[in-house]
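For ligands, and for the atoms within them, numbers begin at 1 and follow the listed sequence. Just so we're clear, the structure is a prediction, and the values are computed from it rather than from any experiment. We're numbering straight along the sequence, starting at 1.
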Amino acid sequence: MTDQCSLEGRVAIVTGASRGIGREIVLHLAAKGAQVVVCYRVNVEKAEEVATIINKDRGVGRAITCQVDVSKASDVGALFDRAEQTFGGVHIFVNSAGVASSTYPTVAETPEEEWEFIFNVNGKGAFLGCREAAKRVVRGGGGRIIHITSSAVGSAKPGYGAYAASKAAAETMIKILARELRGTKITANCVAPGPVATEMFFAGKSEALIERVAKEVPFERLGEVGDVAPVVTFLVSDGGDWVNAQVVRANGGTP
Ligand code: NAP
C-alpha cells in the first residue's frame, strides 16, 4: 500500500516557519519528502537554522529560506516567484505567520493601532496569501492551501477581540475560497489550534494564568507544536483530499 502521507515531489511554502507552530510544520512536511520554503519576517538566523536541519537530513537543496511580510502584496508575490524559480510549481501553501496582543485588552480598551496591526497581519495577510495561492498553486491534484487560525474564534474569551475577529475573517474567507476553486482539485482549509506552548502564547501571561489555561484542556496540559503539525501534514497529503472548506480545531478538546 502506498504511503498516503508521502509528500515526495511536492513543493511547500510555509510562512512563519522561523519559530513556533510554523517551524514544526515545515519540519514535518520536509520529513515527508516535500521541498520547502522556510519563510520568516525578521528572524533570518532561526529560519536558516531550520533550513540547515532539513538540508542535512534530507539532502542539500530541499529547503530554502525567504523573507516575507505577509501583509505586503509585493512580498507575497515575490515569495511565490522565488519558490517557482527554485523548485518549480508550488503544491502546498501554509500560512502560519500571525500576531496577537500580549496585553489582552477588552474591546473597549483596544487601541486602534493594535486592531490595525493585528488585522493587517492576520486578516490582510490571509487574504494576500489566499489570493496569490489561488492563482499559483498547482492545479489537477495535490494542491493545498492551509491557514492557521485559532480556537479563540470559538471560545470567544474576553481579551481576544481583535485577534479572534481577525482569525474569524480568515476562516470565513477560506471556506469561500475552497468553493471558488471548484475544478482545480485544490483544497483550502484552516487548522485552528488551541493554546500552544510558543512565544506567542507565553507573551504577557503570568505563571498562574498559564497553569489555569493548561488545566482547562481535558489533557490538562498546553498544546505542543508537535500536536498541530501532524494535522496539517495529513491535510496537505493525498490522504487529506476529501477534507475541503473546513476549519479543523486542533485543541485537545479545550472549551
Ligand atoms: P510565534 O511563535 O510568535 O511565531 C510567529 C511567526 O510568524 C514567526 O515565524 C514570525 O516571523 C512570523 N511573522 C510574524 N509577523 C509576520 C509578518 N508580518 N509576516 C510574515 N511572518 C510574520 O507564533 P505561533 O504560536 O507559532 O503561531 C503561529 C500561528 O498559530 C499564528 O497564526 C497564531 O495566530 C496561531 N495560533 C497560535 C496559538 C498559540 O497558542 N501559540 C494558538 C492558536 C493559533 P519572525 O520569527 O521572523 O518574527
What part of [X] sits under 4.0 Å from ligand 1 if we count only heavy atoms: the side chain, the backbone, both or neither?
X: P195; answer: backbone
X: V68; answer: backbone
X: D69; answer: both
X: V121; answer: side chain
X: V99; answer: side chain

Atoms of ligand 1 less than 4.0 Å from S96 heavy atoms?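 Near S96, meaning under 4.0 Å from one of its heavy atoms, ligand 1 has 28 (C), 29 (C), 31 (C), 32 (O).
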Please could you name the atoms of ligand 1 that I21 approaches to less than 4.0 Å, counting only its heavy atoms?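 Ligand 1 atoms under the 4.0 Å threshold to I21: 26 (O), 30 (O), 37 (C).
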Looking at ligand 1, is there an atom of it that comes within less than 4.0 Å of some heavy atom belonging to [X]?
X: K167; answer: yes
X: K46; answer: no
X: T149; answer: yes

Looking at R82 and D75, does any basic side-chain N land under 4.0 Å from a carboxylate oxygen? no
Any Lys/Arg nitrogen of E171 or R249 sitting under 4.0 Å from an Asp/Glu carboxylate oxygen of the other?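 A salt bridge is present here (some side-chain N lies under 4.0 Å from a carboxylate O).
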Working for side chain to side chain contact (heavy atoms under 4.5 Å, CB included), residues V231 and V248: CA-CA 8 Å; V231 179; V248 178; 3.9 Å; yes
Check: Y104/K157 side-chain N/O donor and acceptor closer than 3.5 Å: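 Short answer, no.
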Residue pair N244 / T187, side-chain donor-acceptor N/O under 3.5 Å: no
